[in-house]
Amino acid sequence: MTSTQQPRIAIVTGGGNGIGRATALKFAEAGYAVAVWDLAEQAAEEVVSAITAAGGVAIARKVDVSKPEDCVAGVAAVVERFGRIDVLINNAGVVRDGQLVKVKDGQVVGQMSADQFQFVLDVCLKGVFNCTQAVVPTMIAQKYGRIVSTSSVVALYGNFGQTNYVAAKAGVIGMTRVWARELGRYGITANAVAPGFIATDMVKSIPEKVYNALIEHTPVGRAGQPDDIARAYLFLADDKSSFINGAILSVDGGSVIGT
Ligand code: ADP
């Protein structure tokens, strides 16, 4: 981006930690002004400090993506500050793992609770809906927008103990395809990234045996890094990616091949 061009404006949800943090930093490095949204306000502010210290432009905001009113107010604040919104990266996410039914010695001893199911759906599915619905009127008025949402390879092949998360991530694929159809005529593209096994803080709690098995099932022989996903977001968000619409891009080192 040359200095004569207006910077593009990107919102990154869940931008305070992990993949979202790497994404906010990557977009800032690429010349975007970044709105870092997170439920964890301090984490979002820390990311903004890192961006501004490096000479970039960013604002932090506490947004709970599961609340439509938070998303609408967040959009208003970004428009007030920057006058437009070019990119929405729907990255905020949570997990609350549990088996549909837990069986011990042939007896059902537990189950995923309705609250556990709903909580993950509220953030990972409804949160994506809320943020997208909040930004789209601005994007339609500009006749330009890039919506990139986070699915997961588990949406394609399932995962033990993740009925809730898989349901949400499969739903993100469906919504992305609907939006690609509904919004393409307004210069807005909708795509999703499906990360594979990514080495975030969450991975530290994975037993070594499981970790090694995951690597073994990844043809490139390593775990992904947050930056691998950030690069995919950046690519799909680019102006020149205007003919990529409704795509689900697996970024997983090849682990879904053959599934
Ligand atoms: P990952 O490993 O996928 O990057 P993290 O847990 O590190 O996962 O990051 C997810 C981010 O999403 C965190 O910064 C978290 O605070 C944020 N987040 C979780 N729930 C919400 C929510 N309801 N609204 C906004 N941000 C959220």
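Counting starts at 1 for both ligands and their atoms, in listed order.
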Charged N-O contact under 4.0 Å between Glu46 and Arg21: yes
Can you find an N/O atom of Asn17 closer than 3.5 Å to an N/O atom of ligand 1? yes
If we ignore angles and hydrogens, is there a donor and acceptor under 3.5 Å between the side chains of Asn245 and Thr189?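 Not at all, the side chains of Asn245 and Thr189 share no donor-acceptor pair under 3.5 Å.
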Side-chain donor-acceptor pair present, Asp64, Ser66, cut-off under 3.5 Å: yes
Enumerated ligand 1 atoms positioned under 4.0 Å from heavy atoms of [X]:
| X | value |
| --- | --- |
| Thr200 | 2 (O) |
| Gly93 | 10 (C), 12 (O), 19 (C) |
| Val63 | 24 (N), 25 (C) |
| Val123 | 20 (N), 23 (N) |
| Gly14 | 11 (C), 12 (O), 14 (O), 17 (C) |
| Val94 | 19 (C), 20 (N) |
| Asp64 | 22 (C), 23 (N), 24 (N) |
| Ile19 | 3 (O), 4 (O) |

Mind running salt bridge (charged side-chain N to carboxylate O under 4.0 Å, His left out) on Asp227 and Lys26 for me, showing each step along the way? CA-CA 8 Å; Asp227 214 50; Lys26 172 82 50 202; 3.2 Å; yes
Any heavy atom of Thr13 sitting closer than 4.0 Å to ligand 1? no
So which of Ile198, Leu39, Asn91 gets nearest to atom 21 (C) of ligand 1, if we judge by its closest heavy atom?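 Considering heavy atoms of Ile198, Leu39, Asn91, the nearest to atom 21 (C) of ligand 1 sits in Leu39.
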For atom 24 (N) of ligand 1, state which one of Val95, Asp122, Val65 supplies the nearest heavy atom.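 Among Val95, Asp122, Val65, the closest heavy atom to atom 24 (N) of ligand 1 comes from Val65.
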Qualifying residue, where the test is side-chain contact (heavy atoms from CB on, under 4.5 Å) with Ile248 and the options are Val193, Asn191, Ile173, Val153: Ile173
Tested for side-chain contact (heavy atoms from CB on, under 4.5 Å) against Tyr144, the lone hit among Ile188, Asp86, Val87, Ile85 is Asp86
Is it true that the NZ or CZ of Arg8 lies under 6.0 Å from the centre of Phe82's six-membered ring and within 45 degrees of the ring axis?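 Cation-pi check for Arg8 and Phe82: fails.
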Set out, in order, the CA-CA distance, both residues' side-chain angles and the distance that settles side chain to side chain contact (heavy atoms under 4.5 Å, CB included) for Ile147 and Met139, then state yes or no. CA-CA 10 Å; Ile147 295 156; Met139 290 180 172; 4.1 Å; yes
